[in-house]
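Everything below concerns the one structure shown next.
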Amino acid sequence: MNITIALAGNPNSGKSTLFNALTGSNQYVGNWPGVTVEKKTGLYKKDKDVAITDLPGIYSLSPYTLEEVVSRDYLINEKVDVIVDVVDGTNIERNLYLATQLSELGIPLVIALNMMDVVRKNKDHIDVAQIEKRIGCKVVEISALKGENIDHLVEVAKSFKGQKTEEMKTFGEDVEKYLTEIEETVDSIKNHKSRRWIAIKLFENDEKIRGEIKITAEEERKVDAIIARAEEEFDDDGEGIITDARYDYVAQVTKDTVKKARAGMTRSDKIDKIVTNRFLAIPIFVVVMTLIYLVAVKFVGGPINDWWADEFLGETVPGFLDEFLESHGASPMVSSLLANGIVGGVGAVLGFLPVIATLFLLVSILEDVGYMARIAFILDRIFRKFGLSGKSFIPILIGTGCSIPGVMGTRTIENENDRKMTITVASFMPCGAKTEIIAMFGAILGGVWWYAPLWYFAGILAVIISGVILKKTRRFQGDPAPFVMELPEYHAPSLSNVGKATLHRCKAFIIKAGTLILLCSLIIWALQSFTTSGEFIDFNEDAQESILSFVGKKVAFIFAPLGFGDWMATVATFFGLAAKEVVVSTYGIVAGLGAEADADTLKDVILANFDKVSMFSFILFNQLTIPCFAALGAIKEEMGSAKWFRFALLYQLCFSYSIAFMVYQIGSVLVLKTAFNVATAIACVIFAGYMYLLFRPNKYKKGSLEPNYSVK
C-alpha cells in the first residue's frame, strides 16, 4: 500500500525531529522558525511504501510568508493521503489553531501530541479522549525526541487513508450560515476536496485564493455581498470574524481538557529572567559567544589542531607521499601535482577541521538547549531600535554555519523589502568557510582571546550598519515586520540531535574540500607550475615566472589601497569567490605545504606579505564581500529578479571594499604611524559619508507621504 503522509505543525513543535526519527534523515533541527524552508520527503524506515513529507513550520495557512505558501500549495494541489499535525503538548492552545485549518482541507487528519515526556515530567494532565471527541479526529501521544510511540503514529495514519474526514466544529451557526452560502454560490469549488477551506478563505478575502480558483464576476459579486452582510452583523471584517471564532473555540477546548499541575514560573522562565534581562542579556551573549570561539580556536586550535595540522597533515602524510613517489620513480611534475597541488591545497583547508568541528559542535549544543532562540529575541531589541526586525537576524544566525540556508531562511520574513534586505546582508557573518581564514591568521597571532569572536561581532555590526543605511532609502522603506516567536523550553541537549547537526555540517565542509576546493587547488597548482610560455617550473625557485604570478601582478592594483596588493593575496581573494576555503588552500599551495614544508612555512609566507593592519583588512574584505558561488546561486534564486541580484552583488562589493579601505588607510596612520596622505584623506571622507548615512533623518519613516518603491 503506497501512502503519502504530510507532516505539518508550528515551528519548534518537533516536526523535523519526528521526520528524522521516522525516515532516518539527517534533516537539520533547530529552535526557530525557518530551519525547514522547503518541503522535504523521505521514506519510512520500516515501510518503504510510506512516503513522509516534512513541510515548513507554520502558524496558519494564510499566505503571509513563503513557507506558508509552500505548505498550503502542497496540501491543496498535491496528492496527500493523510496529514499528521505535530502539536506541542506543552502548548496545545497555540498549536490547535493550525489544526482547525488543516481539518477543513478535506484530507484525513491525525494529531501527533508531541513532547508528552515533558508533559508527564511537569505532572500536567491532558484528557486525550475528550480532545478527540471535541475536535473529531484521532490523537496519538508521542515523544519525537525519545522515539516514543512514533511507529504507532504511522500505523494510525495508514489506517485513515481513503477515509472521509469531517472538519472541526469550529464556528457557531451564526458564522456557518455565511460559509454555507459561499460554498453553494461558487460552482467551481463544489467538487473540490478542500471546498470548505476555500469557502472560508474567500470569506476572509484571501486574494491568492481568489486569483487561483475559477470564479465568475457574478459569483464574485454574490460572495462580496455575503461578506458585507456578515461584516455588518459582526461589526468586523471577514478575516477578523474567522480568527476570533477559531481562538474562542481553541481556548474553550483547551480549558476543558488541559490541567496544569503548577502555576507560576517554570524553570525556563526563571532562567530567562536572567539571560533575557534588559541589562544582562547582551553581556551574557557576548561572554557566551566569546567562550565558544575561545574554546574552538585557542584550546582546540592549540594541542589538537597543532597535532592534526602540523604533525599528521604537515609531516606524516607528506613524508609517506614523498617516500611513495620516490620509490615509484615519479617525475617532478607528478610529484609536484600530488604533493603541492592536492596535499598542499586540500590539506591546508582540512588542517583547520578540528577548529571548525568544535565550533559546529558548540553552536549545535546552544541550538539544541534553546539558547540560540533567545539570541534572536535579545537582538530583536537592538535591531528594532535601528528599524530592523528580529526576524531578519534568524537567517543571519543560521548563516553562521553556511550562508546558503541562511539566505533561504529569509522566507520566514513576510515583508518583501525586509526579506530582500536580509538576503543582501545575510552572508556578512563568518560562516564555516570564512572561519578557516580567521583560524589561519589566528594561528599566526598566537590565539589571543579577543581575536576570533571579534569577527562574529564585526559581522553583526556590519549587518546593523547596512540595515540602518538601507532602511532610509526608498527601496527598503517601511516599518520592520512584527516579530512573534515561540521560545522553547530549556532542556538538556540531545546527543543525537547535536551529533547529527555537527556531522552534517562537517560532512558538507569535507565534501566541498574533496570537490570544489580540490578542483581549484589543481587549477592554482597548474598556474603556479607553468610559465606563460608553457614551461614546467619549480615554483619555490622560479615563482616570479609562473602564470599565477603574472596574472596576480596584473590585477594586484585593485587591492593595493586595501593593504594587500601583492599577487598572492590577489589570487587568493579571486579564487575565494568560488569557495572561501580556497583562500587558505591557495596559501597552502604557494607555501609549498605537502612537500617539505610545514605550517611554520605558511606563517612565514603570510608574515612576509601582511602587516598588522593589512591582515585585518584582508580578513574583513573576504568576510564581507560577495560569498561563494553556491551562496550566490541561493541569493539569485531567492531574489527572484536579475535586477535585485545585481543590486545585492554591487552593494556587497562596494560595502566590503570601502570598509576594508577605511580600516587599512586610517589604521595605518593610527597603528603603524605612517604619514597622512591622499588615500587617508579619501578614507576620512568615506567615513564621514557613512556617518551621514547612519545618522541622517529617515524621511521614509511611517507617516511620510512619499510613495512606495519596488523593483521587479
Side-chain angles (χ1 to χ4, degrees), residues 282 285-286 289-290 293 375-376 378-380 382-403 406-407 409-410 418-435 437-438 441 450-473 476 480 562 573 576-577 580 583 613 615-628 631-632 635 647-667 683 686-695:
I282 297 300
F285 166 58
V286 171
M289 298 313 300
T290 300
Y293 277 91
I375 294 177
I378 291 165
L379 292 176
D380 178 60
I382 298 176
F383 272 39
R384 196 159 293 278
K385 291 179 181 179
F386 297 107
L388 304 172
S389 168
K391 270 195 173 183
S392 295
F393 201 73
I394 292 173
I396 293 167
L397 280 176
I398 296 173
T400 54
C402 176
S403 295
V407 170
T410 60
D418 285 355
R419 196 176 79 86
K420 285 183 166 59
M421 182 175 68
T422 306
I423 293 171
T424 302
V425 303
S427 59
F428 285 171
M429 297 297 286
C431 64
K434 295 172 185 175
T435 304
I437 305 173
I438 294 169
F441 284 95
W450 50 266
Y451 169 77
L454 170 69
W455 302 107
Y456 184 90
F457 297 114
I460 295 176
L461 183 61
V463 169
I464 292 176
I465 290 173
S466 297
V468 173
I469 292 173
L470 294 175
K471 203 66 177 177
K472 294 180 180 180
T473 63
F476 296 102
L562 309 187
T573 300
L577 298 179
K580 295 303 177 187
V583 173
V613 179
M615 190 183 299
F616 280 80
S617 173
F618 181 80
I619 300 172
L620 201 55
F621 178 80
N622 280 280
Q623 177 172 326
L624 301 180
T625 196
I626 57 178
C628 64
L632 288 180
I635 292 174
F647 166 80
L649 298 194
L650 182 62
Y651 180 81
Q652 290 167 353
L653 279 171
C654 292
F655 183 76
S656 59
Y657 194 93
S658 61
I659 294 295
F661 178 77
M662 286 189 294
V663 166
Y664 178 69
Q665 295 298 336
I666 297 175
I686 295 174
F687 179 77
Y690 270 106
M691 290 299 101
Y692 168 74
L693 293 174
L694 284 170
F695 295 104

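This chain uses plain numbering: 1 for the first residue, then up along the sequence.
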Please report the shortest heavy-atom distance between Met615 and Phe441, naming the atom on each side. CG-CD2, 2.9 Å
Quick one: side chains of residues 452-468, donor-acceptor pairs under 3.5 Å with protein atoms, not counting sequence neighbours, listed by atom name and distance.
residue, atom, partner, partner atom, Å
Trp455, NE1, Tyr451, O, 3.4
Ser466, OG, Ala462, O, 2.9
Ser466, OG, Tyr651, OH, 2.8

Please lay out, stage by stage, how Ile438 and Gln623 fare under the test side-chain contact (heavy atoms from CB on, under 4.5 Å). CA-CA 9 Å; Ile438 294 169; Gln623 177 172 326; 4.2 Å; yes
Qualifying residues under side-chain contact (heavy atoms from CB on, under 4.5 Å), relative to Ser656, sequence neighbours excluded: Phe621, Leu624, Thr625
side-chain contact (heavy atoms from CB on, under 4.5 Å) between Lys472 and Leu694: does it pass, once the steps are laid out? CA-CA 9 Å; Lys472 294 180 180 180; Leu694 284 170; 5.6 Å; no
For the pair Leu632 and Leu649, evaluate side-chain contact (heavy atoms from CB on, under 4.5 Å) and give the outcome as yes or no after the intermediate values. CA-CA 9 Å; Leu632 288 180; Leu649 298 194; 3.2 Å; yes
Between Ala660 and Ser617, what is the shortest heavy-atom contact and its length? O-OG, 3.3 Å
Minimum heavy-atom separation for Gln652 to Thr424, with atom names? NE2-O, 2.9 Å
What is the minimum heavy-atom distance between Lys434 and Asn622, and which atoms define it? CE-O, 3.9 Å
For residues Ile635 and Pro627, determine if any side-chain heavy atom of one lies less than 4.5 Å from a side-chain heavy atom of the other. yes
With sequence neighbours left out, what residues match Phe428 under ring-ring contact (aromatic ring centres under 6.0 Å, His included)? Phe655
Heavy-atom closest pair, residues Phe618 and Thr573: CE1-OG1, 3.3 Å
Those residues that, when tested against Thr422, pass side chain to side chain donor-acceptor pair (under 3.5 Å) (two or more places apart): Ser392
Does atom CZ of Phe647 have more than 12 heavy-atom neighbours, drawn from other residues, nucleotides or ligands, at distances under 6.0 Å? yes
